[in-house]
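Residues: numbered from 1 along the sequence shown.
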Amino acid sequence: GVDESFFSRIAFPPQPDPEPTIIFCGAMDYSPNSSGLGWYFRECDSLVRQHVPLRRILVVGKNPGEEVRRYGEIPGVTVTGEVPDVRPYYQRAWVQMVPLLIGGGTRLKIVESLCLGTPVVSTTIGAQGLDLSHGEHLLLRDEPADFANGLVATLTDASLRRRLASAGRGRVLERYTWRQLGSELSNYYTALAAPIL
């Protein structure tokens, strides 16, 4: 879930960098994040740069290991380490990538990104468990060339970015705010208790 008053598009409206900018946000000592980044840089980044040579990448998250820090040596890549507030980085990004190949968890990075109006390109595993539709709320791509093409399409098509940002944000506000999730949980417990009462 997400706190829509904190991840507020009104308080933090998009202020995209001049160059096409991708964000990856997550704790870098969580192995699915670091291994997903490794897959992206090994398999996808050169394909993205063929079409968007000036692409920029912000790798935002605490505890980057040596391998993750080395990505900062790649032209156009910035590894920030821990930051006091992720929202300004989402503001700058044109799209968030979620290249996860393993792992579970809460997928907070996707609902936070969409709540702020930053579109998302994810693997299917990266968005697992979220009621979001490919092509409507985000792009889901699993093969390296497809994942790269999803990023290229999002970076080069402003109307696609706007459409995904609007629909994705709407879906998060409909389904994934803490208020909405709390209400659903309360209703579930009430229904369970009804036969007893």
Closest approach of [X] to [Y] (non-hydrogen atoms, all atoms of both residues):
X	Y	result
Ala165	Gly117	CB-O, 3.2 Å
Val79	Gly72	CG2-N, 3.6 Å
Gly150	Val121	O-CG2, 3.8 Å
Leu155	Pro20	CD2-CB, 3.9 Å
Val60	Thr80	CA-OG1, 3.3 Å
Gln96	Thr118	N-CG2, 3.9 Å

Given side chains that start at C-beta, do those of [X] and [Y] come closer than 4.5 Å, heavy atoms only?
X	Y	answer
Val95	Val120	no
Leu130	Ile110	yes
Arg92	Gln15	no
Leu58	Phe24	no
Pro14	Arg9	yes

- Query: When you look at Glu4 and Arg179, which way does the salt bridge (charged side-chain N to carboxylate O under 4.0 Å, His left out) test go after all the steps?
  - Reply: CA-CA 9 Å; Glu4 76 275 19; Arg179 182 180 296 114; 3.0 Å; yes

Would you check if the side chain of [X] reaches a backbone N or O of [Y] as a donor-acceptor pair within less than 3.5 Å?
X	Y	answer
Ser35	Ser31	yes
Gln91	Pro13	yes
His51	Val152	no
Arg55	Arg49	no
Asn33	Met28	no
Glu67	Ser34	no
Arg141	Asp146	yes
Asp17	Glu19	no
Tyr176	Asp131	yes
Arg171	Ala167	no

Would you give the length of the straight line joining atom [atom1] of [X] to atom [atom2] of [Y], rounded to the nearest 0.5 angstrom?
X	Y	atom1	atom2	value
Asn149	Cys44	CG	SG	9.5 Å
Arg56	Thr78	CZ	OG1	8.5 Å
Ser166	Leu114	OG	CG	11.0 Å
Asp157	Arg162	CG	CZ	8.0 Å
Ile23	Ser113	CD1	OG	7.0 Å
Cys25	Tyr90	SG	OH	4.0 Å

According to a 4.5 Å side-chain heavy-atom criterion applied to Ile, Leu, Val, Met, Phe, Trp and Tyr, with indirect links allowed, do [X] and [Y] form part of one hydrophobic cluster?
X	Y	value
Leu132	Val98	yes
Phe41	Leu47	no
Phe147	Leu160	yes
Trp39	Ile74	yes
Leu54	Val59	no

- Message: Go through it in stages, so that I can follow the logic: the residues are Thr154 and Trp94, the test is side-chain contact (heavy atoms from CB on, under 4.5 Å), and I'd like the CA-CA distance, side-chain angles, deciding distance and then a yes or no.
- Response: CA-CA 8 Å; Thr154 309; Trp94 296 27; over 6 Å; no

- Message: Run Val86 and Phe12 through side-chain contact (heavy atoms from CB on, under 4.5 Å) and show every step you take.
- Response: CA-CA 11 Å; Val86 298; Phe12 285 84; over 6 Å; no

- Task: Please report the C-alpha distance between Leu100 and Ser122 in whole Å, then the side-chain angles of each, then the deciding distance to 0.1 Å, and finally whether the side-chain contact (heavy atoms from CB on, under 4.5 Å) criterion is met.
- Result: CA-CA 7 Å; Leu100 299 190; Ser122 178; over 6 Å; no

- With a 4.0 Å cut-off, would you call Glu66 and Arg69 a salt bridge? no

- Applying side-chain contact (heavy atoms from CB on, under 4.5 Å), run through Ile57 and Thr21 and close with a yes or a no. CA-CA 6 Å; Ile57 298 177; Thr21 302; over 6 Å; no

- Message: Atom CG of residue position Leu192 - does it have more than 12 heavy atoms of other residues, nucleotides or ligands inside 6.0 Å?
- Response: yes

- Task: Check the side chains of Thr123 and Asp142 for a donor-acceptor pair under 3.5 angstrom, ignoring hydrogens and angles.
- Result: no

- Item | Pi-cation contact, Phe6 with Arg87 (under 6.0 Å, within 45°) | yes

